[in-house]
Amino acid sequence: MIETLNGGAFGGGSNPQVNYNPFSATALIPINAGYVYEPLMVEDTYSCHVNPWLATDYKWQDAKTLVFTLRDGVKWNDGQAFSADDVVFTMNLIHKFPALDTNGLWTSLNTVTAQGNQVTLKFKTPSVAMFEKVIKQDIVSKHVWEKVSDPVKYTDEKPIGTGPFQVESFNQEQLVLKRNPSYWQADKIKVAHLVFSKEEVNQVEDLKLVRGGYDWNAIFMPDIQKAYVARDPNNNHYWFPAGGEISLGMNLTKAPYNDPEFRHAMAYAINRDQISQKAEFGYVKSASQSGLSVPGQESFLPSNMPNKGIFTYDQKQALDILTKAGYKKDSSGKILGKDGKPINITFLVQNGWTDWIQAAQIVQSNLSAMGFTVNVQTPSPDIVESQRAAANYDMIFSVHGGSCSMYENYEYLDSRSLPTVNYIHYKNPAADKLRDQLQQAVTPDEQKKVVAQLAQLSYEQFPDVPLWYGANWFEFSTRKAVGWPDSNNPYCKPADTLLMLTHLRQNTNSQPGK
């Protein structure tokens, strides 16, 4: 048994108070952390594989009816048995008190009922895309919460959960959780205590990490190889798996950006490796034109998509595409639009977002070398937001994807979405139809078939041009524990706490740094 692991900060804001309400944004244990309260299923958000948890199985009977089969033998940490009544109670509780419905389940739910060890959720309309939201919902105990008069304000000082840990102590500077010996899979939990500390300023947090004060954390740190890994190369490690796509977003309401061939050229025109090295410390990888996060979500890609949808830097190819599409150069080498006028591009980037500004300057340099005039402007973030919503821009950075909800990942392509989501103002009935089909695809195979079509559409139509993946920060030490997820064993992302905790075991061959 590992006696203690130190895991970064706890929740509660700048003045944390005792609060373990799993529905509360100011709880000491963040929503969906999984330490005390658990969901029905746990998704590995790297590959999007769904793992049985409080439920052993699920099935869509049709696109409006989802049935879970619950696990036998699970107990709350006060010894009472977990049952289908707890699940039904939880779902109805968040219906009665909408402030608790943080996942918005009742925007689509109609009824939740139980029969034996099965719970049936019926939706008002085809709602297969709600699955990820449903399985994120923490389940609370009926026998405790039915006595709570105001669950919105309830601070849940002695939380009764089904999870691997219980609260041991809290003193505003430190939160300590202790192993739950009656946990339904206690044999997989090899850690006796988890300790979380009040978050300090960045420099203090960095120093604490490099000095071994944390066994794992999620901190951005420049030159992490030198600052952290080199301090104890046997035990200090990091892994920054891919998150959402940061893309070159173009205003599709006007020329030349409304021309798919112009956007096709842009896919070859940008040096993604240069962005990674100069703007992102080499921490990020080139993003796939498919709209998917690869290699984790590779199983959703069409089998014949070249290079997993990732475009290489090839300005000659970009110029050839532009020439064939009717774009010419004038005598000074400037690229002209089809109207015969030079193409002058205004690129809006949020002020203060240093890495994005550096990336925009690389885009500016790349496009200038081809014959474009690019003006990078850095207004405040709220101005950028209003300008893109009003379609009053040429180019911006857009962000999408990275989750396991494929319906949400491709929401930016839906013409019915708000301009705060569809900020490139893309309109394609085929994309709208495919998202509607996702709502009714009841099996994983059917879902992958539709997602592959959306990926192919993105690859062929270039609604925007993905450049790099945002990073999920994750540093970990093997001095005490091994079994952390990493690039060699990406069984989950670092935020998939329940999966990670059930994989950790003591390091019996540790060679601590000196």
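Position 1 is the first residue of the sequence, and the numbers go up from there.
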>> Counting the benzene-type ring for Trp, do Y35 and F10 have ring centres under 6.0 Å apart?
In response: no
> Roughly how far, to the nearest 0.5 Å, is CG of L418 from CD of E411?
Replying inline: 8.0 Å
> Donor-acceptor pair, Y491 side chain versus G483 backbone, under 3.5 Å?
Replying inline: yes
>> Using the rule given for ring-ring contact (aromatic ring centres under 6.0 Å, His included), can you reason through F97 versus F23, listing the C-alpha separation, both sets of side-chain angles and the distance that settles it, and then say yes or no?
In response: CA-CA 11 Å; F97 297 92; F23 308 104; 9.8 Å; no
>> Would you say that E205 contacts Y214 through its side chain, given a criterion of any heavy-atom pair below 4.5 Å between the two side chains?
In response: yes
> About how many Å separate CD of Q440 and NZ of K64, when rounded to the nearest 0.5 Å?
Replying inline: 9.5 Å
>> If we ignore hydrogens and angles and just use 3.5 Å, is the side chain of D78 paired with the main-chain N or O of I160 as donor and acceptor?
In response: no
> Can you find a pair of side-chain heavy atoms, one from Q289 and one from P466, that are under 4.5 Å apart?
Replying inline: yes
> Under the criterion ring-ring contact (aromatic ring centres under 6.0 Å, His included), which of F474, W484, F476 is the partner of W216?
Replying inline: W484
> Taking atom CH2 of W106 and atom CE of M91, what is their separation to the nearest 0.5 Å?
Replying inline: 9.0 Å
> Do K448's NZ or CZ and the ring of F300 fall within the cation-pi criteria of under 6.0 Å and 45°?
Replying inline: yes
>> What's the separation between atom CE in M250 and atom NE2 in H425, rounded to the nearest 0.5 Å?
In response: 13.5 Å
>> Is there a side-chain contact (heavy atoms from CB on, under 4.5 Å) between D464 and Y412? Walk through the geometry before answering.
In response: CA-CA 10 Å; D464 65 2; Y412 78 105; 3.8 Å; yes
> Does any non-hydrogen side-chain atom of V88 lie less than 4.5 Å from one of T113?
Replying inline: no
> Just by distance, with hydrogens left out, do Y283 and D355 show a side-chain donor and acceptor under 3.5 Å apart?
Replying inline: no
>> Has N21 got a side-chain atom pairing as donor or acceptor with P151's backbone, closer than 3.5 angstrom?
In response: yes
> Between CG of D414 and CG of D436, what distance do you get to the nearest 0.5 Å?
Replying inline: 7.0 Å
> Where the side chain of N110 meets the backbone of K122, is there a donor-acceptor pair that is under 3.5 Å apart?
Replying inline: no
> Are a donor atom and an acceptor atom from the side chains of D382 and S380 found within less than 3.5 Å of each other?
Replying inline: yes
> Do the side chain of D432 and the main chain of S415 share a donor and acceptor less than 3.5 angstrom apart?
Replying inline: yes
>> Does atom CD (Q115) have a neighbourhood of more than 12 heavy atoms from anything else shown, all under 6.0 Å?
In response: no
>> A quick test of your reading: do over 12 heavy atoms of other residues, nucleotides or ligands sit less than 6.0 Å from NZ of K59?
In response: no
> Do T90 side-chain atoms and D86 backbone N/O form a donor-acceptor pair below 3.5 Å?
Replying inline: yes
> Under 3.5 Å, is there a donor-acceptor pair between the side chain of T502 and the main chain of K188?
Replying inline: no
> Between atom OG of S83 and atom CG of L54, what is the distance when rounded to the nearest 0.5 Å?
Replying inline: 11.5 Å
> Between L499 and C492, which heavy-atom pair has the shortest distance, and what is it?
Replying inline: CD1-CB, 3.8 Å
